[in-house]
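I am attaching a structure below and will ask some questions about it afterwards.
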Amino acid sequence: MKVLVIGASGFMGPHVVSDLLRRGHRVATLDRETSPTRLPEQVTRIRGNRNDLASSKEQIAKFSPEVVVDMILSSRRQAAQLIASMRGLARRVVAISSADVYRACGILHGFESGPLQPVPLTEDSELRTKHDVYPPEAIQQLKQIFGWLDDEYDKIPVEQTILSDPELNGTVLRLPMVYGPGDRLHRFWPYLKRMDDQRAAILLQEDIARWRSPRGYVEDVAAAIGLATEDERAAGRIYNVAEAESFSEEEWVRKIAAFAGWSGAIVPLPKDEMPAHLRATYRCEQDWSVSSERIRSELGYTEAVPENVAFERTIAWERDHPSEVWRQMFDYEAEDRTLTSIASRSSTRS
């Protein structure tokens, strides 16, 4: 099968390309002239702009893809352009979406009202009713990290557009928080740096310590995308992709600690006792865990990379690529004052 991957130069894209090649498919990528990403020689590289697909249509038609995987769709406008450009060329498009479409995400971030959503979230759980997922300043910060992000970012209209065309089949994959080598958000780093700096303790806000969210290792997530790309049973379907169990944040930190060789203490504290730089305003009573049972039962998805390998690779990469993304979350003097205060109170009580 011939597959075109749009946005293959990012964190997940090269893994998706490798997975498709491993499955025996012919692969082409559409990416910018400036993309430095190295891909296997057998990949056909089409240079272009995902916001101007019409200018690349002749080259795409020459490759004649049967399925198009768009890794970087972020607005209704982009989705409509994709459908218009691929109608008559491909038979199906696979859109990479996010678990942030769920109403639970809006409740977590405080811009949706109403009762807490039941978890784990399934593909039929309620979606957000508000379409400004993140505040404008957050979007701008994310655009600096992910250059493809659109100012009109919202995966809900993306999904609706992809799945509503009568001539071109669509598949939607809702991804979790993806970790692994190359993670531009450096999800391990806020904890791993403290561990490598030999901090005696890591402070966690109590409600965050209990909060559960979906995660997935990059190669496993790429395999799920490859599976849904080649399997025609995925036409017209929406799939959550995530590890089978959503661990709490405290459990997650303990896992990192075990593989990083850190034996310090994890100290959960009430929000009003946390140092200001570690205080979160989320409604963490709303868990964000999702069920990936549908893709497992319908398409036979299962993780291929053992947990110890995933963690060891991620930790090694994070150590080789120290990050500035979370610099605002480090104030050891403030953390030491808090720990001293806790010790003092404990001593007084004893």
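Just so it is clear, the model here is predicted, and its values are computed rather than measured. Heads up: numbering here begins at 1 and tracks the sequence.
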Of all heavy-atom pairs linking V325 and S323, the shortest is N-OG, 2.8 Å
Is any NZ, NE, NH1 or NH2 atom of the basic residue among E285 and R212 found under 4.0 Å from an Asp or Glu carboxylate oxygen of the other? no
Name of the residue among E303, E249, E243 meeting salt bridge (charged side-chain N to carboxylate O under 4.0 Å, His left out) with R215: E249
Check side-chain contact (heavy atoms from CB on, under 4.5 Å) between Q160 and all other residues, then give those that pass, not counting sequence neighbours. R76, I156, P157
Non-neighbouring partners of D207 that pass side chain to side chain donor-acceptor pair (under 3.5 Å), sequence neighbours left out: Q205
Does D220 offer a backbone N or O that forms a donor-acceptor pair with the side chain of Y301 under 3.5 Å? yes
Give the C-alpha distance, both sets of side-chain angles, the deciding distance and a yes or no for side-chain contact (heavy atoms from CB on, under 4.5 Å) between M1 and E230. CA-CA 8 Å; M1 185 169 69; E230 72 174 6; 3.9 Å; yes
Main-chain N/O of S289 paired to D287 side chain as donor or acceptor, under 3.5 Å: no
In this structure, which one of L21, L4, V16 forms a side chain to side chain contact (heavy atoms under 4.5 Å, CB included) with V27? L21
Taking all non-hydrogen atoms of both residues, which atom of I107 and which atom of P115 are closest, and how far apart? CD1-O, 3.2 Å
Salt bridge flag under 4.0 Å for residues K155 and D100: no
Go through it in stages, so that I can follow the logic: the residues are S64 and K2, the test is side-chain contact (heavy atoms from CB on, under 4.5 Å), and I'd like the CA-CA distance, side-chain angles, deciding distance and then a yes or no. CA-CA 7 Å; S64 64; K2 292 183 180 180; 3.1 Å; yes
Can you sort out the partners of F188 under ring-ring contact (aromatic ring centres under 6.0 Å, His included), two or more places apart, ordered by chain and number? Y179, W252, F311
Steps toward side chain to side chain donor-acceptor pair (under 3.5 Å) verdict (Y217, E307): CA-CA 9 Å; Y217 180 62; E307 181 182 77; over 6 Å; no
Contacts of A223 that satisfy side-chain contact (heavy atoms from CB on, under 4.5 Å) - sequence neighbours left out: D19, R23
Please find the pair of heavy atoms, one from P214 and one from V290, that lie closest to each other, and give the distance. CB-CG2, 3.7 Å
Under 3.5 Å, side chain of S85 to main-chain N/O of Q81, donor-acceptor pair present? yes
Does any N or O in the side chain of D70 come within less than 3.5 Å of the main-chain N or O of A95, such that one atom is a donor and the other an acceptor? no
Among I6, V68, T44, N49, which residue meets the side chain to side chain contact (heavy atoms under 4.5 Å, CB included) test with L30? I6
Got R319 and L192 here, is their nearest side-chain heavy-atom distance under 4.5 Å? yes
Going by the rule side-chain contact (heavy atoms from CB on, under 4.5 Å), which residues pair with A235 if we only count those two or more places apart in sequence or in a different chain? R92, N169
Enclosure of Q42 CD (heavy-atom neighbours >12, cutoff 6.0 Å): yes
Tell me, do L127 and R103 make a side-chain contact under 4.5 Å, heavy atoms counted? no
Backbone N/O of I238 and side chain of R174: donor-acceptor pair under 3.5 Å: no
Can you find a pair of side-chain heavy atoms, one from Y153 and one from S75, that are under 4.5 Å apart? no
Using ring-ring contact (aromatic ring centres under 6.0 Å, His included) as the criterion, list what pairs up with Y282, not counting sequence neighbours. H109
Non-hydrogen atoms of E250 and P268 that approach each other most closely: OE1-CG, 4.0 Å
Are the side chains of I72 and S74 in touch, meaning some heavy atoms are under 4.5 Å apart? no
Contacts of H25 meeting ring-ring contact (aromatic ring centres under 6.0 Å, His included) (sequence neighbours excluded), chain-then-number -> none
Across all chains, not counting sequence neighbours, the side chain to side chain donor-acceptor pair (under 3.5 Å) partners of S164 are none
Using a 4.5 Å cut-off on heavy atoms from C-beta on, say whether the side chain of W288 contacts that of V119. no
Quick note, side chain to side chain donor-acceptor pair (under 3.5 Å) partners involving residues 262-272, not counting sequence neighbours, are none
Any chance you could lay out the side-chain contact (heavy atoms from CB on, under 4.5 Å) test for R26 and V3, step after step, and finish with the verdict? CA-CA 6 Å; R26 291 182 58 188; V3 182; over 6 Å; no
Answer whether the closest heavy-atom distance between the side chains of E318 and R187 falls below 4.5 Å. no
Check ion pair E123-R237 (N to O, under 4.0 angstrom): no
For V253 and M195, work out which heavy atoms get closest and say how close. O-CE, 3.6 Å
In chain order, what residues pass the ring-ring contact (aromatic ring centres under 6.0 Å, His included) check against W317, with sequence neighbours excluded? H186, H321
Within 45° cone of Y332 ring axis and under 6.0 Å: R199 NZ or CZ: yes
I would like to know whether W211 and L108 meet side-chain contact (heavy atoms from CB on, under 4.5 Å); could you show each step before the answer? CA-CA 10 Å; W211 180 66; L108 172 70; 3.7 Å; yes
Using the ring pair (Phe, Tyr, Trp, His ring centres under 6.0 Å) rule, collect all pairs that involve residues 73-100, keeping only residues at least two apart or in two chains. none
Partners meeting side chain to side chain donor-acceptor pair (under 3.5 Å) with T302 (sequence neighbours left out): none
Looking at E58, I want to see if its CD is surrounded by more than 12 non-hydrogen atoms of other residues, nucleotides or ligands under 6.0 Å. no
With distance as the sole test, does K193 use its side chain to make a donor-acceptor pair with the main-chain N or O of F330 at under 3.5 Å? no
